[in-house]
Amino acid sequence: MHDLSTAPTGSTPLPLLEYTPQVAAQTAAVYQRLDQVIPEIEWPVHAPYIAEIERLKKERGAIILAHNYQTPEIFHGVADLSGDSLALARLASETDAETIVLCGVHFMAETAKILNPEKTVLIPDLRAGCSLAESITGADVRLLRERYPGVPVVTYVNTSAEVKAETDICCTSANAVEVVESLGVERVIFLPDEYLGQYVASQTDVELILWQGHCEVHERFTAAEVRAYRAGNEGVIVLAHPECPQDVLAEADYVGSTSGMIGFVGDRQPNKVVMITECSMSDNVAVEHPDVEFVRPCNLCPHMKRITLPKILHSLQTMNYPVEVDPSVSARARRSVERMLEVGRGAGR
Ligand code: 13P
Ligand code: SF4
């Protein structure tokens with residue numbers, strides 16, 4: 001497991017950049033899209049970083065991949081491509097860019113590196129971890145295999161490379177049911193998210209042996225809270241991430257990955273929606289759908305929020321922090337991630 005406590009922080013003080021008329025002109029079109037989610041008074045702080053990051057990423061031949069939970073000034077301001085964990089893994093496997101700056105958490109950058117061992121993968125702050133990834137080690141998986149001989153191991157991508165290396169196949173919240181069923185067996189060990197596992201078990205006849213890992217952001221939502229959103233917002237459509245506890249998911253109209261929720265809003269255009277997931281999602285989706293009203297509960301992922309514009313700029317300036325994976329671990333982890341990507345391709349996704 002990674003010891004993120006001693007990792008470089010990416011918090012080196014940076015000089016404040018000046019909001020010049022040139023920067024204002026250069027970033028005006030971006031701000032026009034973001035004016036309902038970023039107050040005007042904040043723009044002079046973000047805009048110089050956006051302008052400089054845009055310049056430097058071209059100079060470096062770098063591409064910025066951002067998860068759906070990144071803040072709007074990152075997601076809409078500097079990201080070249082964005083998506084859920086599955087999309088980020090796919091995009092990382094397809095890019096021609098020599099350098100990938102991953103704006104998300106460490107396991108996402110590590111997955112990009114596993115798929116691109118010869119490329120430079122940077123994460124702007126190495127401390128951007130994940131409570132699910134921290135909940136299990138490679139040694140734990142080996143013990144489970146001893147306890148359940150011959151039972152295949154399906155691992156959520158929210159894990160370290162070391163855990164992926166001990167795994168038969170990875171999955172994300174977007175494809176977990178499909179991956180579990182692709183194995184054609186009656187029983188699988190499903191790690192480490194207990195709530196995602198319970199959700200998958202409710203959707204398939206395959207028996208799942210679960211671990212007790214939880215997402216510290218999604219486990220905080222309660223069924224009573226969701227009922228209160230319904231009571232206070234007539235006609236509101238409830239979308240929930242499968243990392244939420246079962247009783248919360250039972251209150252939802254739709255359960256899906258972050259991109260699944262975005263797709264739901266795009267396809268159905270509900271009048272009013274509440275996304276039971278991390279805070280920044282609603283802001284990012286609201287930018288694309290100004291006619292949809294968003295009820296905005298706010299549970300922040302402190303790890304995702306470690307990534308900021310100044311740190312992204314610092315990352316491009318100094319080429320820090322490169323994500324490295326031991327080659328023997330990487331080769332085995334890659335097999336599990338590639339198997340997952342093959343399942344998706346087989347289904348024509
Ligand atoms: P998605 O794959 O749905 O984007 O989820 C990733 C994650 O970390 C959710 O907390
Ligand atoms: Fe991990 Fe939860 Fe943060 Fe996603 S929201 S990165 S699962 S801690």
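Remember, it's 1-based here, ligands and their atoms both numbered in the order they're listed. Excluded from the calculations below are hydrogen atoms, water molecules and symmetry mates; all remaining heavy atoms, backbone and side chain alike, are included.
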Asks: Are R332 and E166 ion-paired here, with the side-chain N under 4.0 Å from a carboxylate O?
Replies: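 Judged by the 4.0 Å cut-off on N to carboxylate O distance, R332 and E166 do form a salt bridge.
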Asks: Side chain to side chain contact (heavy atoms under 4.5 Å, CB included) between L122 and L102: does it pass, once the steps are laid out?
Replies: CA-CA 6 Å; L122 305 175; L102 202 305; over 6 Å; no
Asks: Can you list the ligand 1 atoms lying under 4.0 Å from a non-hydrogen atom of S173?
Replies: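 Once the distances to S173 are compared, the set is 1 (P), 2 (O), 3 (O).
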Asks: Keeping the roles fixed (side chain from K113, backbone from E118), state whether a donor-acceptor pair exists under 3.5 Å.
Replies: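 Checking the backbone N and O of E118 against the side chain of K113, no donor-acceptor pair under 3.5 Å is found.
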Asks: Find the distance between NZ (K164) and CZ (R335) and round it off to the nearest 0.5 Å.
Replies: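 Result: 14.0 Å between the selected atoms.
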Asks: Counting from 1, what ligand 1 atoms have a heavy atom of H241 closer than 4.0 Å?
Replies: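 Numbered from 1, ligand 1 contributes 1 (P), 3 (O), 5 (O), 9 (C).
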Asks: Among T111, N116, V325, I114, whose side chain to side chain contact (heavy atoms under 4.5 Å, CB included) with R334 holds?
Replies: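 For R334, the side chain to side chain contact (heavy atoms under 4.5 Å, CB included) test succeeds with only one of T111, N116, V325, I114, which is I114.
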Asks: Between R33 and E288 (salt bridge meaning N to carboxylate O under 4.0 Å), is one present in this structure?
Replies: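 Judged by the 4.0 Å cut-off on N to carboxylate O distance, R33 and E288 do form a salt bridge.
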Asks: Under 2.8 Å from atom 3 (Fe) of ligand 2, how many protein N/O/S atoms can be counted?
Replies: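 That number is 1, waters not included.
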Asks: Output yes when E54 and K58 qualify as a salt bridge under the 4.0 Å nitrogen-oxygen rule, no when they do not.
Replies: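 Counted as a salt bridge, because a side-chain N and a carboxylate O are separated by less than 4.0 Å.
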Asks: Are the charged groups of E278 and K305 less than 4.0 angstrom apart, N to O?
Replies: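 Salt bridge: yes.
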Asks: Heavy-atom contact check, 4.0 Å cutoff: does H67 meet ligand 1?
Replies: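 H67: in contact with ligand 1 (<4.0 Å).
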Asks: Below 4.0 angstrom from a heavy atom of D84, which ligand 1 atoms are there? Numbered from 1 as shown, please.
Replies: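 Counting atoms of ligand 1 from 1, those under 4.0 Å from D84 are 1 (P), 2 (O), 4 (O).
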Asks: Under 4.0 Å from any heavy atom of N158, which atoms of ligand 1 are there?
Replies: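 Within the 4.0 Å cut-off of N158, ligand 1 contributes 7 (C), 8 (O).
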Asks: Report, in ascending order of atom number, the atoms of ligand 1 lying under 4.0 Å from any heavy atom of E243.
Replies: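 Going through ligand 1 atom by atom, the ones under 4.0 Å from E243 are 7 (C), 9 (C), 10 (O).
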Asks: Please round to the nearest 0.5 Å and tell me the distance separating atom OH of Y69 and atom OG of S82.
Replies: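 Those atoms lie 13.5 Å apart.
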Asks: Any salt bridge linking E146 with R142? Criterion: basic side-chain nitrogen under 4.0 Å from a carboxylate oxygen.
Replies: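 The answer is no: the pair does not qualify as a salt bridge.
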Asks: Under 4.0 Å from any heavy atom of H218, which atoms of ligand 1 are there?
Replies: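 Reading through ligand 1 atom by atom, the close ones are 10 (O).
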Asks: Could you tell me, atom by atom, which parts of ligand 2 come under 4.0 Å of a heavy atom of E243?
Replies: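 Answer for ligand 2: 2 (Fe), 7 (S).
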Asks: Report yes if T258 has an N/O atom closer than 3.5 Å to an N/O atom of ligand 1; otherwise report no.
Replies: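 The answer is yes, given that T258 and ligand 1 share an N or O pair closer than 3.5 Å.
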Asks: Relative to the heavy atoms of N158, which atoms of ligand 2 are at a distance of less than 4.0 Å?
Replies: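 Result: 7 (S).
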Asks: Considering only NZ, NE, NH1 and NH2 on the basic side and carboxylate oxygens on the acidic side, decide whether R227 and D247 come within less than 4.0 Å.
Replies: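 The answer is no: the pair does not qualify as a salt bridge.
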Asks: Could you tell me whether some N/O pair between S85 and ligand 1 is separated by less than 3.5 angstrom?
Replies: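 Among all N and O atoms of S85, at least one is under 3.5 Å from an N or O of ligand 1.
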Asks: Mind checking whether H218 and Y195 have ring centres under 6.0 Å apart?
Replies: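 No - the distance between ring centres of H218 and Y195 does not fall below the 6.0 Å cut-off.
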Asks: Give the atom numbers and elements of ligand 1 that come within less than 4.0 Å of a heavy atom of S257.
Replies: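 Those of ligand 1 that fall under 4.0 Å from S257 are 3 (O).
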